[in-house]
Amino acid sequence: MSQKRRGIHYKIIKAMAIQLLLISAVTLLGVYGAAKVVENVLIKQALEGEADFFWQNYKQNRAFNLPNTLNLTGYMSSSSRSDDVPDYLEVLKVGYQRVDVDDRQPLVHISEKHGKRLYLVFEEGQVARLSFYFGIAPLAFVLLIIYLPAWITYMLSRRAISPVVKLSRLMDKVEVSERADLKLDFSDIEKNADAEVMTLLQAFDQYAERVNEYVTREKNFTRYASHELRTPLAVLKGSISLLEKQQLNESQQKIVARMKPMVKEMEDLLEALFLLSRNQEPDIDEEPLNINAIVKHQLNAIERLYSDKQIQTSLHSNVQLKMRVSERLLVICLNNIILNAFNYTEQGSIQVFVGRSFVRVSDTGIGMDEKSLQRIFEPFYRANRDQEQVKGFGLGMSIVKRICDQMGWQISIDSELGKGTQIQLTLKEHTTVK
């Protein structure tokens, strides 16, 4: 089973999420980069400028005051240890660096001149708060402004494709079967549909109308043909019965014997076409059918039709199979499968086995090659049609396959050219009864 694909809504949400993530990532990277620029460039240059300014004035006036503001504090020490300088500063080297102390991370610039060492400590906390109010807050506002159009775009896109999504969901619920009407109600979709969606709806309406016409025409033709052909078949069947009561020579008896199974096959074919053309559920009895008895009856009836062939038949079972299924459709399937076994077997054996939920028919006939197996369910196809003993119209297995599809049954065929064929019909109990 193929994996179910994602819908258009998912793709739009995915595209919007990727867009917002990229915007947020670029913005955060920009803020981080700006912070690093401020720290490594602007503050560093400012501290170096403060140090140069102090040394210039200190050279002229040894009593020049050290910097002491809200964010910047200056300390000075000589080669000897000074009590005015904090211990964490004295162990630092000359240069620009960040220090971890008392849950703080101040930036420190250290320089030496005139035998003195100058410590400039910049407290970044105040600047961080200012950067939040004047940097992060405006940035968040800008992001909201960016997200808002993205959200509006998403809503407009969702509204634009909503008719397509509704159409997809409606089509997903459509029951594609012989009884389902393909004509659908698109009134809810047409309210917000644009020109392209309306074109799709109109095209589907036209397609559904033509398909319904074709299906109706095919059913009517099959029904009428089945009714019209029953009369001549009844005449033929009666004539054959009269001929069997006459005193016929051996060659005449062979001709009548060949005619009888052909008329029977035509009757079964018309019955199958008539049942499949009706737009209704098959008749299911309340009581389960005895499948073993039905199989035995059909096998004996077909065996009498081919009494001239040297074929040994046997019926085996390991269970008394009873199921609620359509008797008429089951008989049609069994007749076609068993008739095929007799048609494609001149001499040998035909074995029928009834299992827990299946009927298996095996013969020792001419068999089929791989190519014939692949085409066995095609209408009017007959395997090994060049063989003289092959009879029929090539519709039997096609009808069986159609009945199986309708009833939820399964049919499997194994065959080997020159050795025989095995066909297994697996039944499924019907859930409703008449």
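In this text, all values refer to a predicted model and were calculated from it rather than measured experimentally.
- To the nearest 0.5 Å, atoms CG (Leu427) and CE (Met407) are separated by 9.5 Å.
- Considering only heavy atoms from C-beta on, Leu47 comes within 4.5 Å of Phe122 through its side chain.
- Residues satisfying the side-chain hydrogen bond (donor to acceptor under 3.5 Å, both in side chains) criterion with Asn318, sequence neighbours excluded, are absent altogether.
- Applying the 6.0 Å contact sphere to CD of Glu213 captures more than 12 heavy atoms from other residues, nucleotides or ligands.
- Residue Glu429 comes nearest to Arg324 through the heavy atom pair OE2-N, 3.1 Å, listed as atom of the first residue, atom of the second, then distance.
- Take Ser362 and apply the side-chain hydrogen bond (donor to acceptor under 3.5 Å, both in side chains) test, not counting sequence neighbours, and it matches Gln422.
- Between Glu50 and Pro67, the shortest heavy-atom distance links the atoms OE1-CG, 4.4 Å.
- Partners of Phe342 according to the ring-ring contact (aromatic ring centres under 6.0 Å, His included) rule, which considers only residues two or more places apart in sequence or in another chain, are Tyr306.
- The line from CZ of Arg210 to CD of Gln206 is 9.0 Å long, rounded to the nearest 0.5 Å.
- Between Ile413 and Met368 the shortest side-chain heavy-atom distance falls below 4.5 Å.
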Before you tell me yes or no, could you show the steps for Val108 and Ile110 under side chain to side chain contact (heavy atoms under 4.5 Å, CB included), namely the whole-Å CA-CA distance, both residues' side-chain angles and the distance that decides it to 0.1 Å? CA-CA 6 Å; Val108 179; Ile110 304 174; 3.7 Å; yes
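- Between Val400 and the choices Asn336, Ile423, Ile332, Leu329, the side-chain contact (heavy atoms from CB on, under 4.5 Å) rule is met once, by Asn336.
- Scanning all heavy atoms of the two residues, the minimum distance from Ile403 to Cys333 falls at CG2-SG, 3.6 Å.
- For the atom pair CG of Leu89 and OG1 of Thr73, the computed distance is 10.0 Å after rounding to the nearest 0.5 Å.
- Of the possible polar contacts, one joining the Ser415 side chain to the Gly420 backbone as a donor-acceptor pair under 3.5 Å is found.
- For Ser357, the side-chain contact (heavy atoms from CB on, under 4.5 Å) test picks out Thr426, with sequence neighbours left out.
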Got a list of side-chain donor-acceptor pairs under 3.5 Å for residues 288-303, not counting sequence neighbours?
| from | atom 1 | to | atom 2 | distance (Å) |
| --- | --- | --- | --- | --- |
| Asn290 | OD1 | Asn292 | N | 3.2 |
| Asn290 | OD1 | Ala293 | N | 3.2 |
| Asn290 | OD1 | Gln320 | NE2 | 3.0 |
| Asn292 | OD1 | Leu321 | N | 2.7 |
| Asn292 | ND2 | Ser317 | OG | 3.4 |
| Asn292 | ND2 | Val319 | O | 3.1 |
| Gln298 | NE2 | Asn335 | OD1 | 2.5 |
| Asn300 | ND2 | Lys296 | O | 3.2 |
| Glu303 | OE1 | Thr313 | OG1 | 3.3 |
| Glu303 | OE2 | Thr313 | OG1 | 2.9 |

Run the side chain to side chain contact (heavy atoms under 4.5 Å, CB included) test on Val99 and Tyr88 for me, step by step, so that the C-alpha distance in whole Å, both residues' side-chain angles and the decisive distance to 0.1 Å come before the verdict. CA-CA 8 Å; Val99 182; Tyr88 72 90; 3.7 Å; yes
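- Note on residues 406-419: pairs passing salt bridge (Lys or Arg N to Asp or Glu O under 4.0 Å), not counting sequence neighbours, are Glu416-Lys419.
- When the side-chain hydrogen bond (donor to acceptor under 3.5 Å, both in side chains) test is applied to Glu48, no partner is found at least two apart in sequence or on another chain.
- The two residues Met397 and Phe377 come nearest to each other via the heavy atoms O-CD2, 3.4 Å.
- Atom-to-atom distance recorded for Asp369:CG and Arg375:CZ is 10.5 Å, nearest 0.5 angstrom.
- The salt bridge (Lys or Arg N to Asp or Glu O under 4.0 Å) pairs that include a residue from residues 239-249 are Glu244-Lys260, where partners are two or more places apart or lie in different chains.
- Taking CD1 of Ile350 as the reference point, atom OG1 of Thr421 lies at 10.5 Å (rounded to 0.5 Å).
- From Gln252, atom CD reaches atom CD of Gln247 across 11.0 Å, with rounding to the nearest 0.5 Å.
- Applying the side-chain contact (heavy atoms from CB on, under 4.5 Å) criterion to Leu148, with sequence neighbours excluded, gives Ile152.
- Remark: Met259 engages Ile240, Ile255 in a side-chain contact (heavy atoms from CB on, under 4.5 Å) (not counting sequence neighbours).
- For Arg104, the salt bridge (Lys or Arg N to Asp or Glu O under 4.0 Å) partners two or more places apart in sequence, or in a different chain, are Glu123.
- Nearest heavy atom pair, residue Leu120 against residue Ala51, reads CD1-N, 3.6 Å.
- With sequence neighbours excluded, the residues satisfying side-chain hydrogen bond (donor to acceptor under 3.5 Å, both in side chains) with Ser251 are Asn249.
- Taking all atoms of both residues into account, the shortest heavy-atom contact from Ser349 to Thr364 is N-OG1, 3.0 Å.
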